[in-house]
Participant: 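The structure follows.
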Amino acid sequence: MPSHVLDISRLSKLYGKTIGIEDVSFTLDEGEIFGFIGPNGAGKSTTIRILLNLIFPSGGTAKIMGMDVIKDSKKIKKITGYIPSDANAYPYMTVNEFLNYCMRFYGQKNGNGRRNELAEIFDLDLKKKISDLSFGNRRKVSIVQSLQHNPLFLIMDEPTTGLDPLIQSRFFDLIREENKKGMTLFFSSHILSEIQLLCKRVAIIKDGKIANLEDIESLRRKQLKKIKIWPGEINHSVFLTIPGIEGDVTRAGDMLSFMYSGDINDLVRLLSVKKIANLTIEEPSLEEIFMHYYN
Amino acid sequence: MNMNLFFREMRRNAMGLLLWMAVITLLISVTMSMYRTFIDNQSKVLGMMNLIPKGALQFKGVSNFNDLFSVMGFYAVNNVIYMMVLGSIYAIVLSSNILLKEEYGKTADFLLSWPLSRSDIFFGKLAVFTLNVFLLNLVTVVAGFISIEIVKTGPFSIKPFLVLSLYTFLLNFLFGAIGLFISTLIRKPKAITTFSIGLVLIMYFIFTLSKITESASDLGYLSPFKYVNTEAMKPGYGLEPWRVLFFAGLSALLLVFSFRIYRRKDIYL
């Protein structure tokens, strides 16, 4: 039994001289919901396309359930589901025809009733022609096709795009339920709140490289503090050289703000000898922590 | 080969195939129906033909005007246009799109995420293409044969007819292999259909030019049309192994290269 459901090691993809991803490494344990977050163009889809053998890596390896994503691609796909970010189902088919077509590749004829359950959850009309469906309904088709064969591992690339809030909520409930039953999930998104809602661990990808990889809770507990200082009469430049400042000091009116990663006692001691007008020390939001890593 | 993919693709292409069958069959039937009138006005036609430079008809496989008045000669001349050119256009358009349409139709992300290897997809689609081209040839050959049987005024030898039909199939298939090969190299697939049709027409133009212009006769070897022996009325007309080897060998080579490229091709939407 392989120790990890997904094991990516030093994975790279070059497009000529442009870097798609570089030296990406991380693992997923069985039963985990893993978040993969980054802005558009950061390398999320490139990583996923390598896992599905849609594109070939320039270097490194990736294994799913101990099987190589290139050599054992067909075996892997038998136990994997995938919700693509931007794909079309065959427009000339009805939803049912499309889902049947998909199921026959798994050696099953009609999804053992699972399809009907999923269609009901998402209010999906199976008799409609795919070309007649709205964007949101096409996303539902995509979700149903990814789950109807009961995969052990589900890869999702921006799965909630185009879904209304009610359907999004049903989708998240379904994901949690599948996870409880043992499904491992890889959730790629640029929407932090989604990741926060579902995932325990997250990898932040930036410019094709993993910028950070850790528990959501650990991220929250990071020693990062958000400091706001109203300097009053004191020259602003004094505050720019405080040791422990992370990133830039921003100014809004007569207030300065910055992220601080040093010992908070040192900062308070330093500020206590200066006559400042006001000071606030806050826990940064997860969004701000992520933005800190992005920048 | 995956039968699920094969049957779905056959169904998907059925309407197009039927349409092409109908159009070519109609063209052959209508043309062959004029044969009797052509024969009845033999002396007038011959008079007109003598005004046309001989080379202008040579490219259609007519080395002697009198050949045109035999039913096989009449069929062969028109077959060049209908089945060789139109059949090749059908084959190249079908093959150049059969893999690529999954990319520009944005369906590749689904197809390639299902338990199918690249070999399953390639050989499934190749089988569909081969069967479609074969069926188009079969139906039009049958239509041609029936037309000939109906309009013939004298004896008709089946052998040249079958040999010409086999050359036609080999030519169509070669153009299909060229289309498939080009499609595995292309990243931006939007213009593939126009490009494919253009390629067949350019090859036919080169072949025509080489037949009617002596100085351009070597140029003809660049065109697959040159390797078909259309002179079905010549005594001893039959299958020449080097020609068959040329078509089969080049097609096989192109298919092997296509498969090797497709197996490692990055698929983007």
Side-chain angles (χ1 to χ4, degrees), chain A residues 13-15 20 45-46 48-58 69-93 97-109 130-131 138 141-142 145-146 148-149 151 153-157, chain B residues 1-19 94 97-125 127-128 183-190 259-269:
Chain A
K13 178 67 184 175
L14 299 172
Y15 301 106
S45 291
T46 298
I48 287 174
R49 298 184 82 74
I50 292 173
L51 297 182
L52 290 151
N53 197 217
L54 287 159
I55 59 173
F56 289 82
S58 310
V69 293
I70 299 170
K71 286 184 207 147
D72 305 309
S73 175
K74 194 172 170 178
K75 282 185 203 162
I76 287 172
K77 287 166 188 172
K78 281 222 169 217
I79 51 169
T80 307
Y82 171 49
I83 306 175
S85 65
D86 180 26
N88 293 334
Y90 299 97
Y92 56 89
M93 293 184 189
E97 280 170 348
F98 174 71
L99 296 172
N100 272 334
Y101 180 50
C102 162
M103 278 310 278
R104 284 194 207 102
F105 289 116
Y106 295 91
Q108 296 171 44
K109 207 178 170 192
I130 286 175
S131 56
R138 288 183 198 200
V141 175
S142 192
Q145 72 78 35
S146 76
Q148 62 173 348
H149 61 286
F153 180 43
L154 181 65
I155 298 171
M156 301 175 279
D157 192 2
Chain B
M1 191 177 78
N2 186 285
M3 295 316 283
N4 186 29
L5 177 83
F6 175 77
F7 287 123
R8 172 56 62 183
E9 282 294 321
M10 282 305 292
R11 275 184 65 184
R12 188 179 185 178
N13 291 295
M15 194 50 82
L17 176 64
L18 289 173
L19 208 68
L94 176 66
N97 281 280
I98 204 161
L99 287 168
L100 221 49
K101 69 184 169 191
E102 302 285 355
E103 290 173 55
Y104 63 73
K106 294 189 172 189
T107 50
D109 267 25
F110 284 119
L111 188 67
L112 280 125
S113 72
W114 296 333
L116 282 167
S117 63
R118 295 276 178 114
S119 312
D120 291 334
I121 296 171
F122 183 87
F123 288 110
K125 300 229 176 197
V128 171
S183 79
T184 59
L185 299 175
I186 273 181
R187 280 278 179 89
K188 289 179 180 161
K190 280 186 180 166
F259 175 59
R260 289 180 72 91
I261 296 167
Y262 184 69
R263 216 172 43 160
R264 298 288 300 182
K265 188 183 182 187
D266 284 345
I267 308 289
Y268 300 100
L269 293 186

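Within every chain, numbering begins at 1; the chains are lettered A, B, ... in the order of the sequence lines, protein sequences first and strands thereafter.
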Participant: Can you tell me if M3(B) has over 12 outside heavy atoms packed within less than 6.0 Å of its CE?
Facilitator: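 Enclosed: over 12 neighbouring heavy atoms sit under 6.0 Å from CE of M3(B).
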Participant: As an exercise, state the distance from OG of S113(B) to CG of L54(A), rounded to the nearest 0.5 Å.
Facilitator: 7.5 Å
Participant: Atom CE of M93(A) and atom CZ of R11(B): how far apart are they, to the nearest 0.5 Å?
Facilitator: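 Going from CE on M93(A) over to CZ on R11(B), the span is 8.0 Å.
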Participant: Assess whether atom NZ of K75(A) is packed by more than 12 heavy atoms of other residues, nucleotides or ligands within 6.0 Å.
Facilitator: no
Participant: In terms of heavy-atom proximity below 4.5 Å to chain B, should S142(A) be classed as side chain, backbone, both, or neither?
Facilitator: both
Participant: Does the pair L5(B) and Y101(A) meet the rule for a side-chain contact (heavy atoms from CB on, under 4.5 Å), with working shown?
Facilitator: CA-CA 8 Å; L5(B) 177 83; Y101(A) 180 50; 3.3 Å; yes
Participant: Please flag which part of R104(A) lies under 4.5 Å from any non-hydrogen atom of chain B: side chain, backbone, both or neither.
Facilitator: both
Participant: Under 4.5 Å between any side-chain heavy atoms of N88(A) and F110(B), yes or no?
Facilitator: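 No; the side chains remain at least 4.5 Å from each other.
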Participant: Kindly give the heavy-atom pair with the smallest separation between K77(A) and L116(B), and that separation in Å.
Facilitator: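 Heavy-atom minimum between the residues: NZ-O, 4.2 Å.
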Participant: In terms of ring plane angle, is the pair W114(B) and F98(A) parallel, tilted or perpendicular, where the classes change at 30° and 60°?
Facilitator: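 Tilted, since the angle between the ring planes falls between 30° and 60°.
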Participant: Between A89(A), C102(A), S73(A), which residue shows the highest count of heavy-atom pairs closer than 4.5 Å to chain B?
Facilitator: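 Among the listed options, the one with the most contacts to chain B is C102(A).
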Participant: Please flag which part of N4(B) lies under 4.5 Å from any non-hydrogen atom of chain A: side chain, backbone, both or neither.
Facilitator: both
Participant: Please determine which of D109(B), D266(B), L112(B) meets the side chain to side chain contact (heavy atoms under 4.5 Å, CB included) test together with R49(A).
Facilitator: D109(B)
Participant: When rounded to the nearest 0.5 angstrom, what distance separates CZ in R118(B) from CD1 in I70(A)?
Facilitator: 10.0 Å
Participant: Closest heavy-atom contact between K74(A) and D120(B)?
Facilitator: NZ-OD2, 2.8 Å
Participant: Is I83(A) in contact with chain B via its backbone, its side chain, both, or neither, using a 4.5 Å heavy-atom distance?
Facilitator: neither
Participant: Does any heavy atom of chain A fall under 4.5 Å from the side chain of F7(B), the backbone, both, or neither of them?
Facilitator: neither
Participant: Would you say R12(B) and Y90(A) make side-chain contact, with heavy atoms under 4.5 Å?
Facilitator: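 Counting from C-beta outward, R12(B) and Y90(A) do come under 4.5 Å.
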Participant: Could you measure the distance from the OH atom of Y92(A) to the CE atom of M15(B)? Nearest 0.5 Å is fine.
Facilitator: 13.0 Å
Participant: What are the two closest heavy atoms between K13(A) and Y268(B), and how far apart are they?
Facilitator: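 That closest heavy-atom pairing would be CE-OH, 4.0 Å.
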